[in-house]
Amino acid sequence: MAGLENVAAQLNADRPAVAIVGAGWAGLACAVECVARGVRPVVFEAAPQVGGRARAVELDGLALDNGQHILIGGYVDTLAMMRTVGANPDVLFDRLPLSLRFTDGFELRARSGSPWAQAVAFMTCPGLTWGDRLAAMRLMAAIRRAPPADETVTQMLARTRQTATNVRYLWAPLCIAALNTGLDDASARVFAQVLRDTLLGRAGASDVLLPRTDLGQLFPAPAAAWLTRQGGQVRVGERVRAITPHAEGFALDVAGATQVFAQVVVATSPHHVPALIGALPGTERIAAEITSLAYEQVTTVFADFGEGARLPQAMMGFADGVPHWIFDRGALGGPPGLMACVVSAADAARDDTERAVIDAVRRAFASLPEPRRVRTLTDRRATFRCTPGRTAIVQPADPRLALAGDYLLPLYPATLESAVRSGIAAARRLAG
Ligand SMILES: Cc1cc2nc3c(=O)[nH]c(=O)nc-3n(C[C@H](O)[C@H](O)[C@H](O)COP(=O)(O)OP(=O)(O)OC[C@H]3O[C@@H](n4cnc5c(N)ncnc54)[C@H](O)[C@@H]3O)c2cc1C
């Protein structure tokens with residue numbers, strides 16, 4: 001999408017605009033793609049800031065995130081979107097070959113490069129027996145041959161005779177990180193797709209990208225500024241209360257005033273969609289399918305251990321969970337001593353999460369003092385629960401209406417890349 005800065009002149013205010021409801025990563029990506037197609041986007045965002053579930057928040061004067069995020073090299077569309085709006089991934093991330101280093105000393109290192117280079121790295125990885133290596137290769141060969149049945153990850157691991165070490169240090173951490181769903185519930189098909197795209201994907205696809213800034217600066221803020229420069233609008237603090245049919249398209253009720261648009265993209269989180277599209281003909285089945293989605297939580301405990309506190313590596317895993325991962329934000333350009341500890345899926349629902357996390361971190365790193373400050377953020381609907389048998393949610397029959405959001409790609413979990421891809425697809429659908 002190089003050269004898009006020149007499109008601004010074409011997006012004159014008299015041209016019909018598309019309304020995009022929601023300025024998460026899906027809605028903003030949709031708006032950027034609309035500009036690329038010469039359509040003027042007007043984005044309505046209920047919250048006071050853009051970014052949705054991947055946004056910056058300010059806590060005690062610190063620019064933090066509503067939850068620690070990581071990206072991977074395989075997020076091709078997200079990285080391209082960032083470049084389009086002037087956010088350079090080369091400076092905004094620490095890019096590392098996939099390395100799973102655990103607080104109990106266990107370490108698995110892949111190598112940045114082709115799947116063959118990764119396979120060699122894996123086969124020579126210390127800490128694994130030949131039985132572990134062969135079992136892992138058996139699983140990778142099986143998913144390369146054919147997608148697994150519509151079963152759980154636990155069933156797939158049993159069928160391919162995985163060892164306890166592989167499950168503990170490889171498949172469980174990767175599954176919880178990618179699908180935010182425990183092995184017993186998670187969809188083997190979606191997990192296999194993630195493994196195909198990363199461990200068996202193109203060179204660099206499994207690299208881990210650790211943000212060196214708050215989430216707002218990665219894409220949402222630059223995207224909003226870029227869209228405004230292009231003649232689009234991003235209207236924060238404006239909740240769309242209802243969408244109803246209108247002779248010229250759709251009437252949007254925004255703060256009691258009606259605004260009419262020829263085309264609309266609903267890019268809210270899935271649980272907000274049924275109420276918004278409920279008055280539109282032919283959307284009952286879609287609304288029912290979205291209503292049937294279940295959700296998983298994510299809790300992030302931000303703990304300030306003081307300036308001298310450092311981890312041996314910027315990202316480390318806890319094989320026994322709670323937390324599942326710890327990130328040294330000081331090593332990633334943030335305040336020295338600040339750690340972000342992530343608890344995913346079912347474990348995030350515990351009442352004693354904050355205390356359990358601090359205790360586990362101090363047990364793992366004995367030199368850390370009691371933290372000076374702790375702030376805990378839980379998103380109760382962080383992602384949909386990625387289980388087998390999930391029905392693909394289809395787009396509405398009316399070609400002037402589109403959905404965008406991280407829940408729309410049947411073979412993928414809820415991620416930033418799913419959100420961005422769905423936003424691009426929605427813009428293309430409206431463009432015909
Ligand atoms: C704590 C946490 C950790 C995560 N970790 C990762 C990770 O490491 N890697 C990864 O890839 N993904 C991760 N995810 C998932 C990722 O954040 C989401 O998949 C992605 O942000 C979803 O984007 P979206 O645009 O589809 O939806 P949302 O971000 O939910 O955006 C929807 C927007 O619509 C707005 N809205 C709702 N109703 C209205 C209305 N009526 N009018 C106007 N606006 C409205 C909302 O305010 C919101 O801004 C994580 C999520 C959470 C919560």
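- Cation-pi contact between Arg375 and Phe302: absent, since separation from the ring centre below 6.0 Å together with deviation from the ring axis within 45° is not met.
- Judged purely by atom type and a 3.5 angstrom limit, Arg329 has no side-chain atom pairing as donor or acceptor with the backbone of Met339.
- To the nearest 0.5 Å, atom CD1 of residue Ile393 and atom CG of residue Leu293 are 4.5 Å apart.
- Counting heavy atoms from C-beta outward, Val21 and Leu276 have side chains that approach closer than 4.5 Å.
- Less than 6.0 angstrom separates the ring centroid of Phe106 from the ring centroid of Tyr169.
- In this structure, Arg385 forms no cation-pi arrangement with Tyr295, as its terminal cationic atom is not both closer than 6.0 Å to the ring centre and no more than 45° off the ring axis.
- At distances below 3.5 Å, not a single donor-acceptor pair connects side-chain atoms of Gln217 with backbone N or O atoms of Asp214.
- In terms of modelled atom types and a separation under 3.5 Å, the side chain of Asp253 and the main chain of Thr258 share no donor-acceptor contact.
- For the pair Ile243/Phe261, no side-chain contact is recorded, criterion being any heavy-atom separation below 4.5 Å from C-beta on.
- Without hydrogens or angle criteria, Gln162 side chain to Thr160 main chain gives a donor-acceptor distance under 3.5 Å.
- Counting only heavy atoms from C-beta outward, the side chains of Asp304 and Pro335 never approach each other to under 4.5 Å.
- Taking the charged nitrogens against the carboxylate oxygens, Asp406 and Arg421 have no contact shorter than 4.0 Å, which rules out a salt bridge.
- Between the CD atom in Glu33 and the CG atom in Leu430 there is a gap of 11.0 Å [rounded to 0.5 Å].
- To the nearest 0.5 Å, the span separating CG on Leu218 from CG on Leu416 amounts to 8.5 Å.
- Ser187 and Pro388 get closest at one heavy-atom pair: CB-N, 3.7 Å.
- Side chains of Thr198 and Ser206: a donor-acceptor N/O pair is absent below 3.5 angstrom, by distance only.
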Step-by-step side chain to side chain contact (heavy atoms under 4.5 Å, CB included) determination, Val343 to Val357: CA-CA 8 Å; Val343 187; Val357 163; 3.6 Å; yes
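- The closest side-chain heavy-atom distance from Phe305 to Arg310 is not below 4.5 Å.
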Please evaluate residues Arg235 and Val42 with respect to the criterion side chain to side chain contact (heavy atoms under 4.5 Å, CB included), reporting the C-alpha separation (whole Å), side-chain torsions for both, the decisive distance (0.1 Å), and the verdict. CA-CA 8 Å; Arg235 289 155 59 166; Val42 178; 3.8 Å; yes
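- Here Gln395 contributes atom CD and Ser422 contributes atom OG; the two are 8.5 Å apart, rounded to the nearest 0.5 Å.
- Taking the side chain as every heavy atom from C-beta outward, Arg101 and Met315 never approach each other to under 4.5 Å.
- For Arg95 (side chain) and Gly204 (main-chain N/O), a donor-acceptor pair under 3.5 Å exists by modelled atom type.
- Put simply, CZ on Arg189 and SG on Cys386 are 12.0 Å apart, with the number rounded to the nearest 0.5 Å.
- With salt bridges taken as basic N to acidic carboxylate O contacts below 4.0 Å, none links Arg381 and Glu296.
- Within the 3.5 Å criterion, the main-chain N or O of Leu179 finds a donor-acceptor partner in the side chain of Thr181.
- Taking the six-membered ring for Trp and the full ring otherwise, Phe318 and Trp325 have centroids separated by 6.0 Å or more.
- Counting heavy atoms from C-beta outward, Ser269 and His272 have side chains that approach closer than 4.5 Å.
- Asn180 places a side-chain N or O within 3.5 Å of a backbone atom of Ala345 that can act as its donor or acceptor partner.
- Without hydrogens or angle criteria, Asp328 side chain to Ala331 main chain gives a donor-acceptor distance under 3.5 Å.
- Taking a cutoff of 4.0 Å between a charged side-chain nitrogen and a carboxylate oxygen, Arg212 and Asp94 qualify as a salt bridge.
- No donor-acceptor distance shorter than 3.5 angstrom exists from the side chain of Gln230 to the backbone of Gly232, with no hydrogens or angles considered.
- When side chains are defined from C-beta on, Arg40 does not count as touching Val18, because their heavy atoms never get closer than 4.5 Å.
- Judged by distance alone, the side chain of Thr300 and the main-chain N or O of Gly67 form no donor-acceptor pair under 3.5 Å.
- Side-chain atoms of Asn66 and Arg55, non-hydrogen and from C-beta on, do get closer than 4.5 Å to each other.
- Under the side chain to side chain contact (heavy atoms under 4.5 Å, CB included) rule, Phe44 has a single partner from Leu252, Val236, Thr268, Val264, which is Leu252.
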